[in-house]
**Q** 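So that we are looking at the same thing, I have put the structure below in structure tokens.
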Amino acid sequence: MYNLEIKHLRMICALAESGNMTRAAEKLFITQSALSQQLKDIETRLGTDLFFRTRKKMIITESGRQLQKMAVEVLEAVERAERDISRKTRGEKGELKVGTQCIFCYKWLPQVLQLFHARFPHIEIEIGNSVDLVEELEEKKYDLVISGAISPTEIHTAVPLFEDQLVCVLPEEHPLAACTFLHLSDFGNVSLISHADRARNRFYQQILKPAGVEPRRIMNVGAPQAILEMVMAGFGIAVLPRWAVAEVLPVWPVTARPITRKGLPLTWYAAYLTRSNIPIYQQEFIRSISRLKVTEEGRTAAL
């Protein structure tokens, strides 16, 4: 059991500096009787005198001097910690670790960083690829994760960022390009070019596999532009967010078609631990994404 508290350390310093009970009480904004009782209480707990009382002055003892030295160090450390936390709360200092679950996010993340750093120039940002959203948030690998595949849990809060849909991207001369939209069955026995392998491909795992549809192969290509290059060269088709290909459709020999008659809607979220205290700069980072208007309609409206 610990006897000393922060108030005791402040009391010892105030008495040692002033040498007077009245002045020390004024400095601590408490009554002289309350200070006297506080000193008597801690001396009883420690079993030793910290000050000798005389008519004119409080004289610190050797035990009191030992505690005073420690108290100065502790109080300075506490004040530094409080200032540091206050600066982080105000967004003057800190770091933000962001995970993304789609490589195409890197198309618009630089613009978000520009908006964010204009307001919080001293916040360090670390960005990485997220694989397991819940585990990575729990382990504090990331403070927030940007994802289009959120399953509700009590562990994290998901803030919607923008609406989108998945589309199939294929060469203009591909037989399926003549269709108004693609059925899920159209993905059977085709080569699907993706940034993730079969085990991590969400379109396959969550849409095709439950429907009993098996592509002939899933070709893993890591870079966004390389995926489009492979599609354009006729190596297969790809399933991508519509905003990710909006800029290349008018100039590249590829086309995009909705998947199913109703389309496959996709909502992008920023997810973070529900129990976390969200600093102001993390809130602003999320708002910066929303203000950017990433989707194709948003880009058009912004022009």
Side-chain angles (χ1 to χ4, degrees), residues 1-98 116-117 119-126 134-144 154-157 159 272-287:
M1 178 178 179
Y2 298 102
N3 293 308
L4 287 171
E5 302 173 22
I6 292 294
K7 66 178 181 180
H8 296 132
L9 302 183
R10 291 196 172 106
M11 173 197 68
I12 292 168
C13 289
L15 283 170
E17 291 170 4
S18 66
N20 181 277
M21 186 71 74
T22 301
R23 288 196 294 271
E26 291 174 350
K27 185 174 182 179
L28 296 170
F29 300 101
I30 60 176
T31 64
Q32 184 175 333
S33 60
L35 179 59
S36 179
Q37 181 58 46
Q38 190 179 111
L39 177 59
K40 181 179 179 181
D41 176 59
I42 194 59
E43 286 180 329
T44 300
R45 291 195 207 177
L46 295 174
T48 186
D49 291 328
L50 300 178
F51 292 89
F52 291 128
R53 285 80 161 167
T54 68
R55 287 185 179 181
K56 296 182 178 180
K57 194 172 183 180
M58 301 284 291
I59 302 175
I60 193 167
T61 66
E62 185 60 32
S63 295
R65 197 176 305 280
Q66 181 181 354
L67 280 180
Q68 181 198 13
K69 181 180 178 181
M70 180 272 294
V72 171
E73 295 175 355
V74 171
L75 292 175
E76 287 179 351
V78 170
E79 289 175 5
R80 284 196 302 271
E82 289 178 344
R83 287 195 301 269
D84 192 50
I85 291 172
S86 178
R87 290 177 65 190
K88 288 182 178 179
T89 302
R90 296 194 303 268
E92 297 174 8
K93 178 183 178 182
E95 65 174 2
L96 181 62
K97 294 176 289 187
V98 180
F116 177 80
H117 278 304
R119 181 171 178 185
F120 297 102
H122 302 298
I123 301 298
E124 297 292 331
I125 295 185
E126 175 185 320
V134 174
E135 179 179 324
E136 290 161 348
L137 291 176
E138 281 280 294
E139 295 179 353
K140 291 294 184 181
K141 180 178 180 180
Y142 298 118
D143 299 305
L144 65 88
E154 296 179 356
I155 296 175
H156 66 261
T157 296
V159 179
Y272 53 85
L273 290 181
T274 300
R275 63 174 180 267
S276 298
N277 290 320
I278 307 303
I280 185 172
Y281 55 82
Q282 182 168 320
Q283 299 174 26
E284 179 59 25
F285 187 86
I286 294 172
R287 283 194 289 267

**Q** So which heavy atom on Lys140 is nearest to which on Lys97, and how close?
**A**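 Taking Lys140 first and Lys97 second, the nearest heavy atoms are O-NZ, 2.8 Å.
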**Q** With distance as the sole test, does Ser36 use its side chain to make a donor-acceptor pair with the main-chain N or O of Gln32 at under 3.5 Å?
**A**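 Not a single qualifying donor-acceptor pair exists.
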**Q** Using the rule given for side-chain contact (heavy atoms from CB on, under 4.5 Å), can you reason through His156 versus Val134, listing the C-alpha separation, both sets of side-chain angles and the distance that settles it, and then say yes or no?
**A** CA-CA 7 Å; His156 66 261; Val134 174; 4.0 Å; yes
**Q** Looking at Tyr281 and Ile123, what are the two nearest heavy atoms and their distance?
**A**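 Shortest heavy-atom contact: CD2-CD1, 3.7 Å.
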**Q** Using a 4.5 Å cut-off on heavy atoms from C-beta on, say whether the side chain of Ile59 contacts that of Thr54.
**A**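 Sidechains of Ile59 and Thr54: in contact.
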**Q** Salt bridge between Glu76 and Lys69, side-chain N to carboxylate O under 4.0 Å?
**A**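 Not counted as a salt bridge, because no side-chain N and carboxylate O are separated by less than 4.0 Å.
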**Q** Working to the nearest 0.5 angstrom, can you tell me the gap between Leu144 CG and Phe285 CZ?
**A**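 Answer rounded to 0.5 Å: 6.5 Å.
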**Q** With heavy-atom distances below 4.5 Å as the criterion, would you say the side chains of Glu95 and Ile125 are in contact?
**A**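 In short, these two side chains do not touch, never coming nearer than 4.5 Å.
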**Q** side-chain contact (heavy atoms from CB on, under 4.5 Å) for Leu67 and Leu46? Distances and angles first, verdict last.
**A** CA-CA 11 Å; Leu67 280 180; Leu46 295 174; 3.7 Å; yes
**Q** Just grab all the side chain to side chain donor-acceptor pair (under 3.5 Å) pairs involving residues 56-66, residues at least two apart or on different chains.
**A**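 Qualifying pairs: none.
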**Q** Report yes if some heavy atom in the side chain of Leu39 is under 4.5 Å from a heavy atom in the side chain of Ile12; otherwise report no.
**A**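 Not in contact.
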**Q** Using side-chain heavy atoms (C-beta onward) and a distance below 4.5 Å, is Glu5 in contact with Ile42?
**A**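 Not touching, per the 4.5 Å side-chain cut-off.
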**Q** Determine which pairs satisfy salt bridge (charged side-chain N to carboxylate O under 4.0 Å, His left out) with at least one residue from residues 8-26, sequence neighbours left out, and list them in order.
**A**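 Checked against salt bridge (charged side-chain N to carboxylate O under 4.0 Å, His left out) - neighbours excluded - the pairs reaching residues 8-26 are Glu17-Lys27.
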**Q** Is the shortest heavy-atom distance from the side chain of Asp143 to the side chain of Tyr272 under 4.5 Å?
**A**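 In short, these two side chains do not touch, never coming nearer than 4.5 Å.
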**Q** Output the distance between atom CE (Met11) and atom CG (Leu28), rounded to the nearest 0.5 Å.
**A**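 Going from CE on Met11 over to CG on Leu28, the span is 8.5 Å.
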**Q** Check whether Glu43 reaches the backbone of Leu50 with its side chain - one donor and one acceptor, N or O, closer than 3.5 Å.
**A**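 Indeed, once roles are kept as given, a pair shorter than 3.5 Å links the two residues.
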**Q** From Glu135 CD over to Lys141 NZ, what is the distance, rounded to the nearest 0.5 angstrom?
**A**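 Atom-to-atom, Glu135:CD and Lys141:NZ are 9.0 Å apart.
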**Q** Salt bridge or not for Glu284 and Arg287, using N-O below 4.0 Å?
**A**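 Yes, charged N to carboxylate O under 4.0 Å.
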**Q** Please report the closest heavy-atom contact between Thr22 and Asn20, naming both atoms and the distance.
**A**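 Scanning both residues completely, I find the closest heavy atoms to be N-OD1, 2.8 Å.
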**Q** Check whether any side-chain heavy atom of Ile6 lies under 4.5 Å from a side-chain heavy atom of Leu75, and answer yes or no.
**A**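 They are in contact (side-chain heavy atoms under 4.5 Å apart), so the answer is yes.
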**Q** Please answer whether the main-chain N or O of Gly94 pairs with a side-chain N or O of Glu124 as donor and acceptor at a distance below 3.5 Å.
**A**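 It does not hold such a pair.
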**Q** Can you tell me how far CD of Gln38 sits from NE2 of His8, rounded to the nearest 0.5 angstrom?
**A**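 Separation between the atoms: 5.0 Å.
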**Q** Set out, in order, the CA-CA distance, both residues' side-chain angles and the distance that settles side-chain contact (heavy atoms from CB on, under 4.5 Å) for Leu15 and Leu35, then state yes or no.
**A** CA-CA 10 Å; Leu15 283 170; Leu35 179 59; 4.1 Å; yes
**Q** Do the side chains of Leu4 and Arg45 get nearer than 4.5 Å, heavy atoms only?
**A**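 Sidechains of Leu4 and Arg45: no contact.
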**Q** Supply the atom-to-atom distance Ile60 CD1 to Asp49 CG, rounded to the nearest 0.5 angstrom.
**A**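 Separation between the atoms: 12.0 Å.
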**Q** Any side-chain heavy atom of Tyr142 within less than 4.5 Å of one from Val98?
**A**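 Contact flag for Tyr142/Val98 side chains = no.
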**Q** Rounded to the nearest 0.5 Å, what separation is found between the CD atom of Glu136 and the CG atom of Leu273?
**A**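 Taking CD in Glu136 and CG in Leu273, the distance rounds to 11.5 Å.
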